[in-house]
Amino acid sequence: MDLRYEAFCFADRRFYDLQSSTESTLPGDDFSRELPELPVDWVQIDRNVWRYQHPQGVELPKQGWKIHVSAGLDNATKVLQATFDYCVERRIPFKYLQTISIVLARNSKYAPREGSGKLITIYPTGTEQLQQILTELGALLAGQHGAYILSDLRYGKGPLYVRFGGFSEQWVEIDGQQVLAIEGPDGKLVADTRKPVFSVPEWIELPEFLAPHLAERNAGDPEAFPYQIKRSLHFSNGGGVYLATRKSDGKEVVLKEARPHAGLDREGRDAVTRLELEHQILTRLSGVQGVPEVYDRFTEWEHLFVAMEFMPGRSLGQWLGHNYPLTHKEATDEKLAEYKERALTLIGKVDDLMARVHERGVVFGDLHTLNILVDDDDEVSLIDFELSSTIEDVHRPTLGAPGFQAPADREGFEIDEHPLAALKLWIFLPLNTVLELAPAKLPQHVRVVEERFGLTDEYGQSIIDVLTPRVDPPSDPAFTEFDEENPDWTVVRKEIATAILHSATPQRTDRLFPGDIEQFEVGGTCFAYGAAGVLHALDASGEGRYPEHEDWLIKAVRKDPPKQPGFFVGAHGIAHVLENFGHHDIATELVESYAALVPSTQDHGLSAGLSGIGLNLLHFADTRHDDGFVAQAEELAERLAEQLAGAPGPGDKAKAGLLHGWSGPALFFLRMFEHTGERRWLRLSEQALERDLAETMIALDGSLQVRDGTFRSLPYVGIGGAGIALALTEFAAVAPDRPCVEKLPDLLSGCTGEFVIQPAFTLGRAGLMATLAHATRHRPDDQLERSVQRHLRALGWHAVRLGDGIAFPGVQLRRLSMDLNTGGAGVLLAIASTVDGRAPLPFLGSRTPVLSDR
C-alpha cells in the first residue's frame, strides 16, 4: 500500500489535494497569523505545503548543509516564532509548513517517514554559518521537543537536525523517474537521496564540529538490547513491528516500537501513547484465545518497545486475495458456493472472538482486514490493539481503516459492531471504501452480493441495518444509468463528462481537474494525471472541446513547464493534445524546447521514456506531413534497439506492460515499420514483446499475467498483462503468424475476472475492458465479448453521483479522480472505445496490411 495517499486526504473529503490549496477549517490554523510582518526587502512564496522566506540580495549555493527544526503540535507555534525572529534578524533564508493541520498530516501514522518531523528548513550559506546557527538557535530552542527526523543527524538533544542536500530544485532521471538531484564532484547530477536514515554523499566530508553528534547517534551497545531482531514486519511513521527472539530464552515474539511525538492521530496522540494503551489492553485480555499474550515493556533509544506473542497466519486481506473467486477468469457455481461457506464460517469465528473481547470489557476499536489473521486451519486471531479502550472509558478512535471505521454516532460496543457488519459485506464485495464516498450505494452493493453469492435477504438486511447512517441517512439508493436493464451509454458518457466539467477549478494555477496525488509531483498539465489527458478524453470520446480549458492548459504550461519530455508525464503528451486541437505553435514550442533533454532520457517506457517520445514524433510526422520527424524518431528507435539488446533478464519485480515495460517500445518499433517499411523494426517489435512476455507467470486462475514478486500477478494496462495484450493485438494485426501471438489468448483471459478493485484505465477495470474490446474488434470472440459486457455493467459498482454527473474513485478508492490514468477521464475513454470502437489510447490502430511469413 502506498502510504503517501494518507497525507492528501486531510484537505478535502471528495478529492486528493494539498492542504495549502484549500481554506483551513481550523481557527488560527495558518501560522502566519501568529508571526510578525516580514521586512520589505524579503520575498515570500507559498509553494505546495511550504512557505518560503528569502531576503533579497542573499545568494545561496545550489546545495549544502541544511538545518531542519522539529516540533510537536503543542509547541510548533512557539518554536516557529523563535526561529522566525532569529532568521529574519540575521537575514537567513528559511521555509516553514504553512499550517498546524499540515504539521499533523506530515507527522501522522502513515505519513512518509523520511519527511516526518520537519517544521522548518533553514539554508545556511556555508559551513561556518551552519555551526553558528546550530549553536545560537540550539540554545534558544533548548528543551523543545519534536519527532526525531530519521533522515538527518541530530544536533545535541534539542529539536535541530542537519543533512546535506539540494537548496535549489534540480532533477535527474533515475530508473525512469524524475527525482530531486544534487551535483556530484564531476558536476553531473545524481539523486539527492532522501531515505529514513542519515547518510552523507561519499564525496562530502562531515564538518568536524558534527563528529561528536554522529558519535552520539551511533553510541549504545546493540548487544545489550534484550531481543535479537530477525526481520521487520511493518513500518509506519510511528515506528516498526519486528519478528524477534528474546535473548534470555530464545522465545520468538513480535516486538512493537513506538517513536515519541511521531505517528500522530487526529487528536494529536503519538505512537508512544497508543502503544502504552495497547500494553494495558493486552494485559486485561490475557488468556483470551485469539488475542496475543503480552510479555514485556521497556524503553530503549528514547523509543518504547512492547513484546508480545507471535500469532500465526496471514491477514484476512491476503486470505481474500488468494481465495476470492470473482477475480479469476472462471467463477463457477461450485467455486462460489465453496467460497460462500468458508467466508461465512470465518465471519462467525470473528464474531465469536469479538464477543470474548467484549466479555472482558474491551472495545477493540480498529476491526478491519489487516488486523484479523487467518491461519492454515482458518482459525482467526486479532492483532493491533493500540486504538482499543475499556467499556468504562470508551475512547473513540480517530485513526481507522477506510470503509471500516464506525461513524461518530456509535457508542460502546457499537463501535465494533459497525466494522463487523462492514466485514460481512467486504468478504463478498471488497469495495467498502467506496461507501465512504457514497453511503447511498450500500443497498446496491448488498444486492450485488445477494444475487452473486446466493445470500439470504436476512443476511443482506443485517448489513444494511448496521451500516446505514443514523444521521441524515440517504433518502434514495445511488443507482445510476449503469443499473438500468439496458443502459443508454450515450447518457453514461454525458454524465461522466458532466462530473468532470463540474469538478474543474480554472481559478487554480496548479491543476485544472482533481486527480491522483501524482499531479502534485509531475504537474497538473500532463497527459496521465493532468488537464491534457482529461481534455483528450473528452474530445476523443465525442464529448466536445472546451476552449476555456484549453486556454488554461496553454497558460499553465508556459507558467510552470513540465519537468521532463516523456509522453504520459511530460511535454510530449501535452504537445500531442495541443497539436490535435490546432494549437500548433505551442505544440512546436514544447517539442523543440524539450529536445535537449531527450538525449539524457534513458527510460524506454511509453509513460516517461523514449518510446512515448518517439511515437509522438511519428504522430507529428503524420499531422504535418514532415518526414523530418520520422528521422528524429528513428534516432530514438536506434537507441532503444541498443537498450533492448543489452536489457537484463527478469528481476525480482517486473515492470512489464504498456506504460513501463517493453510493450511501449514494441508499439514504437511496429509504427516505425509502418512508416518506413523496414522489416528490421518489425523483428525488434517482436523481440520487445518477447522481453515483456518473459516477465509473465501463470496466475492462480491459469491465465497469463505479469508477476509482481513471487506469488502476486498483475493483469493491468499500466503494469500487467493487459498492457502487453494491447501491444500484441496491434502486432498480431500486422504479423499474425509469429509465435509470440500465440500468447495473446492467455493474456486476454487474464482480463476477464469479474471483480476488479479499481475502476481506473491503467490500474483497473476500464483498461481491462478496453483491452478486451480492442482485441475482439480485431478477432471476434463471443466469450471475450461477454466479459466486455460484464465489465461495462460492473463499472457501476464504483460509479458515484457528483452533482448531475457520475464520477469514479481513484487509486485506493479514498477520493474521486478525474484524470486519465486513474479516474473518470480514463473510464470515459474506455467506454467510448468499447461502445463506439474509438481508439482506447493514442497510437493504437494499425496503418498497414497484414503480412504473412508463409
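For clarity, every value in this text was computed on a predicted model and none was experimentally measured.
Evaluation of the salt bridge (charged side-chain N to carboxylate O under 4.0 Å, His left out) rule for D378 yields R342 as partners, not counting sequence neighbours. Evaluation of the side-chain contact (heavy atoms from CB on, under 4.5 Å) rule for H502 yields L802 as partners, not counting sequence neighbours. Legend: residues meeting side-chain contact (heavy atoms from CB on, under 4.5 Å) with D483, ordered by chain and number and at least two apart, are Q444, R447, F479, T480. With sequence neighbours left out, R511 forms a salt bridge (charged side-chain N to carboxylate O under 4.0 Å, His left out) with D17. The side-chain contact (heavy atoms from CB on, under 4.5 Å) search around T834 returns M769, A773, V788, L792, not counting sequence neighbours. Partners of E521 according to the salt bridge (charged side-chain N to carboxylate O under 4.0 Å, His left out) rule, which considers only residues two or more places apart in sequence or in another chain, are K563. For A422, the side-chain contact (heavy atoms from CB on, under 4.5 Å) criterion is met by F404, N432, L467, not counting sequence neighbours.
Here the side chain of Q564 pairs no donor or acceptor atom with the backbone of G609 at under 3.5 angstrom. Under a 3.5 Å cut-off, the side chain of T729 and the backbone N or O of A725 do form a donor-acceptor pair. When atom types are taken as modelled, the side chain of D692 and the backbone of G657 share a donor-acceptor pair closer than 3.5 angstrom. Of the possible donor and acceptor atoms, one in the side chain of H675 sits under 3.5 Å from a partner among the backbone N and O of R671. Q318 contributes a side-chain N or O that, together with a main-chain N or O of S315, makes up a donor-acceptor pair within less than 3.5 Å. In terms of modelled atom types and a separation under 3.5 Å, the side chain of K441 and the main chain of G796 share a donor-acceptor contact. A donor-acceptor pair under 3.5 Å is formed between the side chain of Q519 and the backbone N or O of F513. The main-chain N or O of L455 is never found under 3.5 Å from a side-chain atom of E450 such that the two would form a donor-acceptor pair.
Between L346 and V374 there is a side-chain heavy-atom pair separated by less than 4.5 Å. Side chains of H660 and D603 form no contact here, defined as non-hydrogen atoms less than 4.5 Å apart. A heavy-atom distance below 4.5 Å is not found between the side chains of I372 and W319. For the pair V706/Y716, no side-chain contact is recorded, criterion being any heavy-atom separation below 4.5 Å from C-beta on. Two residues are said to be in side-chain contact when any heavy atoms from C-beta on lie closer than 4.5 Å; L437 and L813 fail this criterion. Looking only at side-chain heavy atoms (C-beta outward), P565 and T601 come within less than 4.5 Å of each other. Between L640 and S611, the closest side-chain pair of non-hydrogen atoms falls below 4.5 Å. Between I724 and W662, the closest side-chain pair of non-hydrogen atoms is not below 4.5 Å.
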Check: Should L714 and L763 be marked as a side-chain contact (heavy atoms from CB on, under 4.5 Å) after you check the CA-CA gap, both sets of side-chain angles, and the distance that decides it?
Finding: CA-CA 9 Å; L714 302 174; L763 291 170; over 6 Å; no
Next item on the list: Dump the intermediate steps for salt bridge (Lys or Arg N to Asp or Glu O under 4.0 Å) on D836 and R493, then the final yes or no.
Entry: CA-CA 11 Å; D836 301 333; R493 291 196 302 274; 3.4 Å; yes
Item checked: Working for salt bridge (Lys or Arg N to Asp or Glu O under 4.0 Å), residues E695 and K655 -> CA-CA 8 Å; E695 302 279 8; K655 283 191 175 181; over 6 Å; no
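A distance of 9.0 Å separates CD in E674 from OG in S685, rounded to the nearest 0.5 Å. Distance check, rounded to the nearest 0.5 Å: OG of S607 to CG of N821 gives 7.0 Å. Taking CG of L429 as the reference point, atom NE2 of H445 lies at 5.5 Å (rounded to 0.5 Å). H572 NE2 to E579 CD: the interatomic distance, rounded to the nearest 0.5 Å, is 12.0 Å. Summarising the geometry, atom CG belonging to D708 is positioned 8.0 Å from atom CD1 belonging to I719; distances are rounded to the nearest 0.5 Å. How far CG of N616 is from CZ of F668: 10.5 Å, rounded to the nearest 0.5 Å.
Taking the six-membered ring where the residue is Trp, F669 and W681 present parallel rings, their angle staying beneath 30° rather than reaching 60°. The aromatic rings of Y5 and Y16 sit perpendicular to each other, their planes meeting at more than 60°, with 30° as the lower class boundary.
Using modelled atom types and a 3.5 Å distance limit, the side chains of D781 and T776 yield no donor-acceptor pair. A donor-acceptor pair shorter than 3.5 Å cannot be found between the side chains of H328 and D701. Side-chain contact, R691 with S663: no donor N or O sits under 3.5 Å from an acceptor N or O.
Residue Q602 qualifies as enclosed at atom CD: its count of foreign heavy atoms under 6.0 Å is above 12.
Among residues at least two apart or in separate chains, side-chain hydrogen bond (donor to acceptor under 3.5 Å, both in side chains) pairs with a member in residues 741-768 are R452-E754, R765-H791. Applying the ring pair (Phe, Tyr, Trp, His ring centres under 6.0 Å) test to pairs two or more places apart or on separate chains, those with a residue in residues 721-755 are Y324-F755. Here ring pair (Phe, Tyr, Trp, His ring centres under 6.0 Å) pairs that include residues 811-831, with residues two or more places apart or in two chains, number zero. Judged as a salt bridge (charged side-chain N to carboxylate O under 4.0 Å, His left out), the pairs with a partner in residues 785-802 (not counting sequence neighbours) are, in order, E495-R801.
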Would you mind writing out the side-chain donor-acceptor pairs for residues 522-543 within the sub-3.5 Å range, not counting sequence neighbours?
| from | atom 1 | to | atom 2 | distance (Å) |
| --- | --- | --- | --- | --- |
| S541 | OG | A537 | O | 2.7 |
| S541 | OG | L538 | O | 3.2 |
| E543 | OE1 | K494 | NZ | 3.2 |

